[in-house]
Amino acid sequence: MKTIKKVITLTATFLVAVLNAQEQQTTAPAAQPVALQKPQLPKVQEYGIGFSSLNSYSLQYRWGNENRLYRIQGNIGGSSALKPSTTNGNPGYSPINFNFGLSFSILKIKSVSEKFGLMYGGNFGLVYSLNQNNSLNNSNTIVSKNKTESFQPYVGFALGAVYKINSSFLIYAEIDPSIYYNYQQSKTTNPPMPLNNTSSYTNSFGLQNLSNSGASLTIVYRITK
């Protein structure tokens with residue numbers, strides 16, 4: 001009888017020790033990630049208007065958090081003569097210049113102070129350009145049309161800074177150097193003499209926006225969730 005009691009006591013002690021050990025193993029890992037988990041940053045959305053020159057601007061939408069933003073940007077610019085012009089009786093021109101671009105960027109922001117931060121990230125996009133000049137005679141009749149279209153995809157890098165005016169309004173300044181490929185198509189038509197119509201095609205590669213002359217300034221309105 002004493003032997004049976006000893007066996008039962010030892011068995012019960014062993015089971016209690018095993019159960020306690022299993023409980024510690026199951027509860028300890030669950031508590032560890034909570035302690036190591038980083039606090040989540042609030043989500044933000046930004047709506048902005050950017051300016052790169054007097055005749056070119058962009059509309060932007062950004063989303064993410066204060067450290068990383070995803071951006072979709074649409075650029076549009078151009079100019080056109082309101083009426084044909086002549087000088088000393090010589091033929092004039094009625095030029096049309098138009099460009100449109102769409103790009104996507106992933107931007108990282110590193111805060112330097114409460115108001116100021118640095119920004120960098122990659123981007124890619126496509127630009128379409130149209131340039132058209134109509135040659136006129138003294139009677140303002142079109143004697144030839146020169147039309148040039150270009151398609152320019154590019155991959156680049158955004159580098160700049162951000163200044164926080166307050167919790168809702170921010171200003172971004174940046175340059176966007178990039179590598180591009182340009183396909184250009186030019187056509188010249190002569191309505192009075194159709195046989196003189198010509199066309200040409202060119203391909204080129206290059207670098208752009210390497211200086212501060214291509215810098216852009218963007219004002220955004222931020223919504224924090």
Visitor: With a 4.5 Å cut-off on side-chain heavy atoms, are Tyr61 and Tyr47 touching?
Guide: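 Yes, at least one pair of side-chain atoms sits under 4.5 Å.
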Visitor: Check the hydrophobic clustering (I, L, V, M, F, W, Y; side-chain heavy atoms under 4.5 Å; chains of links allowed) and say if Val44 and Phe104 are grouped together.
Guide: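 No, Val44 and Phe104 fall in different hydrophobic clusters.
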Visitor: For Asn209, which residues count as a side chain to side chain donor-acceptor pair (under 3.5 Å) partner, sequence neighbours excluded?
Guide: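 With sequence neighbours excluded, Asn209 shows a side chain to side chain donor-acceptor pair (under 3.5 Å) to no residue whatsoever.
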Visitor: Quick one: closest heavy-atom pair of Gly50 and Gln60, and the distance?
Guide: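 It is CA-NE2, 4.2 Å.
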Visitor: Check residues 147-160 and write down every donor-acceptor pair under 3.5 Å in which the side-chain atom is one partner and the other belongs to a residue at least two apart or another chain.
Guide:
unit_1, atom_1, unit_2, atom_2, d
Thr148, OG1, Ser186, OG, 3.3
Glu149, OE2, Tyr128, OH, 2.6
Gln152, OE1, Asn182, ND2, 2.9
Gln152, NE2, Gln208, OE1, 3.0

Visitor: State the OH-OG distance between Tyr70 and Ser105, to the nearest 0.5 angstrom.
Guide: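 These two atoms lie 12.5 Å from each other.
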Visitor: When rounded to the nearest 0.5 angstrom, what distance separates CD in Gln45 from CD1 in Ile223?
Guide: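 Rounded to the nearest 0.5 Å, the CD-CD1 separation comes to 6.0 Å.
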Visitor: Working to the nearest 0.5 Å, report the span between OG of Ser58 and CD1 of Ile76.
Guide: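 The distance works out to 11.0 Å.
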Visitor: Treat each ILVMFWY residue as a node, draw an edge where side-chain heavy atoms are under 4.5 Å apart, and state whether Tyr201 and Phe205 are in one component.
Guide: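 Shared cluster, yes.
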Visitor: Report yes or no: do Leu217 and Leu69 belong to one cluster of Ile/Leu/Val/Met/Phe/Trp/Tyr joined by side chain heavy-atom distances under 4.5 Å?
Guide: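 As far as the 4.5 Å side-chain criterion goes, Leu69 and Leu217 are not connected within one cluster.
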Visitor: Mind checking side chain to side chain donor-acceptor pair (under 3.5 Å) for Thr188 and listing every partner two or more places apart, or none if nothing turns up?
Guide: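 Partners of Thr188 by the side chain to side chain donor-acceptor pair (under 3.5 Å) criterion, ordered by chain and then number, come out as Asn146.
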Visitor: Ile106 and Ile72: same hydrophobic cluster, using ILVMFWY side-chain contacts below 4.5 Å?
Guide: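 Linked within one cluster.
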Visitor: Could you see if Tyr180 belongs to whatever hydrophobic cluster contains Leu102? Use Ile, Leu, Val, Met, Phe, Trp, Tyr and a side-chain cutoff under 4.5 Å.
Guide: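 Different hydrophobic clusters.
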Visitor: Using 0.5 Å steps for rounding, measure from the CG atom of Leu41 to the OG1 atom of Thr224.
Guide: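 Here the rounded value is 11.0 Å.
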Visitor: Using a 6.0 Å cut-off, check whether atom NZ of Lys115 has over 12 heavy atoms from anything other than its own residue.
Guide: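 Yes, because the 6.0 Å sphere around NZ of Lys115 holds more than 12 heavy atoms from other groups.
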Visitor: Taking only residues two or more places apart in sequence or in another chain, which ones pass side chain to side chain contact (heavy atoms under 4.5 Å, CB included) with Val220?
Guide: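 Applying side chain to side chain contact (heavy atoms under 4.5 Å, CB included) to Val220 gives Glu46, Arg62, Leu170, Tyr172, Thr218.
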Visitor: Can you list the residues that meet the side chain to side chain donor-acceptor pair (under 3.5 Å) rule with Asn203, with sequence neighbours excluded?
Guide: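 Partners of Asn203 under the side chain to side chain donor-acceptor pair (under 3.5 Å) test: Tyr181.
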Visitor: Enter the distance from Asn99:CG to Asn75:CG here, rounded to the nearest 0.5 Å.
Guide: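 If we round to the nearest 0.5 Å, Asn99:CG and Asn75:CG are 8.0 Å apart.
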Visitor: Just wondering, are more than 12 heavy atoms of other shown residues or ligands nearer than 6.0 Å to CD1 in Ile49?
Guide: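 Counting neighbours around CD1 of Ile49, 12 or fewer heavy atoms of other residues, nucleotides or ligands fall under 6.0 Å, so no.
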Visitor: The criterion is side chain to side chain contact (heavy atoms under 4.5 Å, CB included); which residues satisfy it with Phe116, sequence neighbours excluded?
Guide: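 Phe116 satisfies side chain to side chain contact (heavy atoms under 4.5 Å, CB included) with Val112, Ser113, Leu118, Ala161 only.
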Visitor: CZ of Arg71 to CE of Met119: how many Å apart, nearest 0.5 Å?
Guide: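 Rounded to the nearest 0.5 Å, the CZ-CE separation comes to 6.0 Å.
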